[in-house]
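Here the structure comes first, spelled out in structure tokens, and everything after it is commentary.
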Number of protein chains: 2
Amino acid sequence: MTASKAPRRLARDDETAQDPGEQVLRESAELMFFGYRSLTQDPDKILAERDYGRAHHRALHFIGRQPGLSVAGLLDILGVTKQSLARVLKPLVDDGLVEQHVGENDRRQRLLFLTEEGFAFEERLSAPQRARLTRAFREAGPEAVEGFRAVLELMMDAEQRKQALTVIAGAKTP
Amino acid sequence: MTASKAPRRLARDDETAQDPGEQVLRESAELMFFGYRSLTQDPDKILAERDYGRAHHRALHFIGRQPGLSVAGLLDILGVTKQSLARVLKPLVDDGLVEQHVGENDRRQRLLFLTEEGFAFEERLSAPQRARLTRAFREAGPEAVEGFRAVLELMMDAEQRKQALTVIAGAKTP
DNA sequence: ACATTTATGTCAACATAGCTGACATAATTC
DNA sequence: GAATTATGTCAGCTATGTTGACATAAATGT
């Protein structure tokens, strides 16, 4: 059952860089799919308890990472519309997980903070993720971890990367 | 600015394995989020042309990877319900991107194949993903790529990993 | 042979999380 | 005082997931 025209299955499993074969590239895309799914599955279960979804986790996560983040800042990170964010943020505020404080410099802004409860819940959500990553990192070793992070970083466009790294650095946009 | 009770922001950027700090773990989860988004954004644009979504791409991808895959097999890989898959698969069949052949051994099965057009479209969808990965892999180097793949693999549960690796190996379930 | 199980398809109803467009309010800036 | 900005909100649409119920054809078990 060898393909007559298009050579669809040729690459070998070794030689994963330089000019990686189509096979390796497809495998890597699959690994991203499966890996991402693994990483989100534990918090998803916990979120279901409260009638929240993955979007709520993301909001809690980034507010936790950058307390005092503005709504516009969060919109920028998440890359969704404000209407979409509102549907996630409002319940979080109503349920007392997130607080909005009027901005000191600019009083139009609503700066976002986690409440004690919000912080605790976010911890619960991210704990299994951190556990999963810790286990994977321990088994893979420090060099693999560096590679993992480097590739993910390089996978983004220059602009995205810049923004992501700003977020990751925990720096507030000045 | 040392935390008095809960040390929320302590870890330094080096020392990313062994017992990685909370900071590094949260960063890594963020990198997965941003990386996954980057990887899916190009095909998403192309899919929009035809009124398809990411789910259609996934189906096309895995059928392309394992021609002759059964519906049950695809359900297993995607981890969705058959009703959910049907909504994706039917249009693909109707539009002539996927063909279903009655199984030789088991004539209840509908074995899935990409048509020429389906193959071409899947190529178009995955081309920008492969380009993105190729660029990232080239810049990160072979060792980083190995680390990237190793961590993603180890991120899964044993069962998931087993299934994922079966898929990746391109082996049909016997 | 007949009953059961399996592989697949389909109908209906519902939930989540994205989108666009339109409009409102308050605060800031020009 | 006018224009812009940050935020909120209403309404409706789409994509993709879910459950539950039922139908058909083929394979399997007894």
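Basis for what follows: all heavy atoms, side chains included, without hydrogens, waters or symmetry-related copies. The chains referred to below are lettered A, B, ... by the order of the sequence lines, with proteins before strands, and numbering in each begins at 1.
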Can you name the residues that form a side-chain contact (heavy atoms from CB on, under 4.5 Å) with Glu99(B), not counting sequence neighbours?
His101(B), Thr115(B)
With sequence neighbours left out, the residues meeting side chain to side chain donor-acceptor pair (under 3.5 Å) with Arg130(B) are Glu123(B), Ser126(B)
Protein heavy-atom contacts under 4.0 Å, written 5' to 3' over nucleotides 7-12 of chain C as B (base), S (sugar-phosphate only) or - (none), form the string SBBBB-
For Glu159(A), the side chain to side chain donor-acceptor pair (under 3.5 Å) test, sequence neighbours excluded, returns none
What's the shortest heavy-atom distance between Phe137(B) and Val24(A), and which atoms?
CE2-CG1, 4.4 Å
Sequence neighbours excluded, which residues qualify as salt bridge (Lys or Arg N to Asp or Glu O under 4.0 Å) partners of Glu49(A)?
Arg124(A)
Find every protein N or O atom lying less than 3.5 Å from an N or O atom of nucleotides 15-17 of chain D, and list the pairs.
{"unit_1": "dA15(D)", "atom_1": "OP1", "unit_2": "Asp51(B)", "atom_2": "OD2", "d": "3.3"}
{"unit_1": "dT16(D)", "atom_1": "OP1", "unit_2": "Arg54(B)", "atom_2": "N", "d": "2.9"}
{"unit_1": "dT16(D)", "atom_1": "OP1", "unit_2": "Ala55(B)", "atom_2": "N", "d": "3.3"}
{"unit_1": "dG17(D)", "atom_1": "OP1", "unit_2": "Arg58(B)", "atom_2": "NH2", "d": "2.7"}
{"unit_1": "dG17(D)", "atom_1": "O5'", "unit_2": "Ser84(B)", "atom_2": "OG", "d": "3.2"}
{"unit_1": "dG17(D)", "atom_1": "N7", "unit_2": "Arg87(B)", "atom_2": "NH2", "d": "2.2"}
{"unit_1": "dG17(D)", "atom_1": "O6", "unit_2": "Arg87(B)", "atom_2": "NH1", "d": "3.3"}
{"unit_1": "dG17(D)", "atom_1": "O6", "unit_2": "Arg87(B)", "atom_2": "NH2", "d": "3.1"}

One pair to check against salt bridge (charged side-chain N to carboxylate O under 4.0 Å, His left out): Arg50(B) and Glu117(B). What are the steps and the verdict?
CA-CA 13 Å; Arg50(B) 289 233 201 180; Glu117(B) 194 187 343; 3.5 Å; yes
So which pairs with a foot in residues 28-38 of chain B pass salt bridge (charged side-chain N to carboxylate O under 4.0 Å, His left out), sequence neighbours left out?
Arg65(A)-Glu30(B)
Residues in salt bridge (Lys or Arg N to Asp or Glu O under 4.0 Å) contact with Arg54(A), at least two apart in sequence or another chain
Asp44(A)
Proximity to DNA chain D (any heavy atom under 4.0 Å), residues of residues 30-50 of chain A only
none
Residues two or more places apart in sequence or in another chain: which of them pass salt bridge (Lys or Arg N to Asp or Glu O under 4.0 Å) with Asp95(B)?
none
Are any of the side-chain heavy atoms of Phe148(A) and Met32(B) separated by less than 4.5 Å?
yes
Quick one: bend of the helix from dA1(C)-dT30(D) to dC30(C)-dG1(D) from 5 pairs per end, to 10°?
20°
Side chain to side chain donor-acceptor pair (under 3.5 Å) involving Arg135(B) - partner list, sequence neighbours excluded:
none
What's the shortest heavy-atom distance between Ala140(B) and Val151(A), and which atoms?
CB-CG2, 3.8 Å
